There are 2 protein chains.
Amino acid sequence: MTHNDAPGSKIPMVVIKRLPVYQRYLSELQKKEVERISSGELAAKIGITASQLRHDLSCFGNFGQQGYGYKVDDLLFEVNKILGLDHNIYMVLIGAGNLGRAVLSYPNFLSRGFIFKAAFDQKQPPVNLNIEGILVQPVRELESYLKEQLIDIGVITTPAANAQEIADILVAGGVRGIWNFAPISLKTPENVVVEHVHISESLLVLSYQLCHKGFGRLPVSY
Amino acid sequence: MTHNDAPGSKIPMVVIKRLPVYQRYLSELQKKEVERISSGELAAKIGITASQLRHDLSCFGNFGQQGYGYKVDDLLFEVNKILGLDHNIYMVLIGAGNLGRAVLSYPNFLSRGFIFKAAFDQKQPPVNLNIEGILVQPVRELESYLKEQLIDIGVITTPAANAQEIADILVAGGVRGIWNFAPISLKTPENVVVEHVHISESLLVLSYQLCHKGFGRLPVSY
DNA sequence: TAGATTGTTAATCGATTAACAATC
DNA sequence: TAGATTGTTAATCGATTAACAATC
């Protein structure tokens with residue numbers, strides 16, 4: 001047992017990006033009430049090698065039993081803990097347009113501990129406008145709101161033109177993570193984590209594949 | 001010159017996924033009317049090495065000039081061509097809820113040749129419901145619509161429960177690519193390309209980073 | 001116990017980077 | 001021409017896979 005989560009140790013980003021995939025497949029198994037699974041079976045479902053799965057998990061600890069495999073419940077519990085899903089994460093959303101509403105009503109957020117505490121919009125929202133049970137407030141109240149509430153993540157679904165300004169308010173208000181859907185690169189201090197969702201990138205990859213698809217196999221190595 | 005786009009040759013997926021990034025930065029430069037750029041300057045903007053940028057581009061051809069660099073217009077033209085953005089790509093969207101509406105109105109699609117030809121929704125839409133100039137039709141007309149129109153890509157923004165059924169209709173209708181936003185793994189024939197958008201994966205990566213962020217540097221190697 | 005499967009190490013493979021000859 | 005920068009090869013680095021001793 002030489003697992004590697006001491007502060008300063010480096011977990012490769014490529015491993016971290018696979019954790020949500022593991023989380024998803026394990027959640028499905030749990031929903032189906034599957035009790036145990038081996039690295040071979042789970043890897044086959046996901047489409048990776050058993051070696052890779054075990055190797056990835058071993059970055060964080062020893063979660064299986066030789067000769068038996070993994071208890072689905074236990075492994076999911078551990079993966080959730082690694083991802084920080086073992087406690088609630090409080091979020092605000094700014095920009096209650098179509099995209100913002102879609103994100104607010106994204107299924108499964110609540111069940112994973114992501115909780116929208118408030119939503120804000122540029123325009124003065126109609127009195128008591130509610131989306132998914134969240135009251136939409138005018139954005140000028142964001143600053144004072146953040147003074148009163150402890151918020152972990154700010155979700156930006158505004159047009160690109162307003163995104164930087166919102167990010168500045170979020171950072172000043174003590175938010176430590178930004179989930180940015182606006183197509184613009186945000187400038188933020190080093191200690192704030194930003195995840196930028198570039199929806200259109202996957203469309204371009206799709207376009208590439210269609211364009212270069214022969215009649216046989218695809219000229220792509222995964 | 002030994003570039004590698006003969007049928008059967010393998011362009012690594014990791015290279016293909018960087019092309020949209022190059023496209024985006026080059027578009028920005030073109031908008032700013034920058035005429036030329038060196039691999040060093042462009043790589044610095046993107047946050048990669050000049051070596052990697054040149055190496056990636058050399059998979060597809062020789063687009064620069066020694067001692068000069070790259071003409072922004074020319075390189076963008078070539079990258080667009082590689083991505084298949086040199087001709088129009090016709091799309092239909094199924095599921096005109098919040099997410100669907102957000103995708104329909106996503107900026108810059110039109111300018112890059114992605115054209116929504118029609119939108120469909122499960123519920124009988126109000127007569128002449130228009131979103132972004134696209135008429136929303138009842139989904140039962142999708143099948144016959146696809147017989148009449150040549151559509152490249154189907155965009156699925158329905159709830160998970162309906163996604164497979166829609167995918168089947170799209171495939172039967174001759175669509176070669178599916179851009180799937182529904183949180184479910186679609187079963188499709190080998191010759192159909194599916195890009196699945198897992199929005200929440202990046203939120204989990206954000207959560208991980210927040211959770212493991214020390215007071216110094218992040219324990220993450222990119 | 002015998003069989004199965006993990007955790008881990010070592011081998012392989014592929015991607016990134018460095019270096020430089022070619023050349024604009 | 002001299003200086004700059006490409007395209008490409010070779011070196012390095014890191015990620016994936018294979019193999020197997022440990023052990024449940």
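Values in this document were obtained by computation on a predicted structure and should not be read as measured data. Chain identifiers are assigned alphabetically (A, B, ...) following the order of the sequence lines, protein sequences preceding nucleic acid strands; residue numbering begins at 1 within each chain.
- Comparing C:dA19, D:dA15, C:dT16 by their nearest atom to the side chain of B:R18 picks out C:dT16.
- The nearest whole Å value for the distance from the CG atom in A:L75 to the P atom in C:dT6 is 10 Å.
- Legend: residues meeting side-chain contact (heavy atoms from CB on, under 4.5 Å) with A:T158, ordered by chain and number and at least two apart, are A:I94, A:I156, A:N162, A:A163, A:I166.
- A:L53 places its CG atom 14 Å from the P atom of C:dT5, with the value rounded to the nearest Å.
- Counting only residues at least two apart or on different chains, the ring pair (Phe, Tyr, Trp, His ring centres under 6.0 Å) pairs with a member in residues 78-108 of chain B are B:Y106-B:F109.
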Could you list the donor-acceptor pairs under 3.5 angstrom formed by side chains in residues 168-178 of chain A, with sequence neighbours left out?
| unit_1 | atom_1 | unit_2 | atom_2 | d |
| --- | --- | --- | --- | --- |
| A:D168 | OD1 | A:Q164 | NE2 | 2.9 |
| A:R176 | NH2 | B:L210 | O | 3.0 |

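- Checking the phosphate oxygens (OP1, OP2) of D:dG7, a side-chain nitrogen or oxygen of B:Y70 falls inside 4.0 Å.
- Rounded to whole angstrom, the span from the CD atom of A:E78 across to the P atom of C:dG7 amounts to 11 Å.
- Residue pairs meeting the salt bridge (Lys or Arg N to Asp or Glu O under 4.0 Å) criterion with at least one partner in residues 94-107 of chain B, sequence neighbours excluded, do not occur; the list is empty.
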Where do N or O atoms of nucleotides 20-24 of chain C meet protein N or O atoms at under 3.5 Å, pair by pair?
| unit_1 | atom_1 | unit_2 | atom_2 | d |
| --- | --- | --- | --- | --- |
| C:dC24 | O4' | B:Q66 | O | 3.4 |
| C:dC24 | O3' | B:Q65 | NE2 | 3.2 |
| C:dC24 | O2 | B:Q66 | O | 3.2 |

Name each donor-acceptor pair under 3.5 Å that joins a side chain in residues 65-83 of chain B to protein atoms two or more places apart or in another chain, with its distance.
| unit_1 | atom_1 | unit_2 | atom_2 | d |
| --- | --- | --- | --- | --- |
| B:D73 | OD1 | B:Q30 | NE2 | 3.0 |
| B:N80 | OD1 | B:Q23 | NE2 | 2.7 |
| B:N80 | ND2 | B:L76 | O | 3.4 |

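- The nearest whole Å value for the distance from the CZ atom in A:F60 to the P atom in C:dT8 is 14 Å.
- Summarising the geometry, the separation between CZ on A:F63 and P on C:dT6 is reported as 14 Å, rounded to the nearest angstrom.
- Annotation: side-chain contact (heavy atoms from CB on, under 4.5 Å) contacts of A:A44 (sequence neighbours excluded): none.
- For the pair B:G69 and A:D56, both in contact range of DNA chain D, the more 5′-proximal nearest nucleotide belongs to B:G69.
- For B:I134, the side-chain contact (heavy atoms from CB on, under 4.5 Å) partners two or more places apart in sequence, or in a different chain, are B:L104, B:F116, B:A119.
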Requested in this report: Kindly determine whether B:S38 and B:E41 satisfy side chain to side chain donor-acceptor pair (under 3.5 Å), including the steps that lead there.
Outcome: CA-CA 5 Å; B:S38 68; B:E41 292 170 281; 3.1 Å; yes
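- Residue pairs meeting the salt bridge (Lys or Arg N to Asp or Glu O under 4.0 Å) criterion with at least one member in residues 47-64 of chain A, sequence neighbours excluded, are A:R18-A:D56.
- Out of D:dA19, D:dA10, D:dG7, the shortest distance to the side chain of B:H55 is found at D:dA10.
- Inter-residue side-chain proximity for B:I37 and B:K45 is flagged as met; some heavy-atom pair is nearer than 4.5 Å.
- Taking atom CD on A:Q52 and atom C1' on C:dG14, their separation rounds to 13 Å, with Å as the unit.
- Legend: residues meeting ring-ring contact (aromatic ring centres under 6.0 Å, His included) with A:F120, ordered by chain and number and at least two apart, are A:Y145.
- What separates CG of A:L57 from C1' of C:dT8 is a distance of 13 Å, to the nearest Å.
- Sorted by residue number, the members of residues 25-49 of chain B with any non-hydrogen atom under 4.0 Å from DNA chain C read B:T49.
- Base pairing in DNA chain C yields stems of at least 3 consecutive Watson-Crick or G-U pairs, both distances under 3.5 Å, namely C:3-24 with D:3-24.
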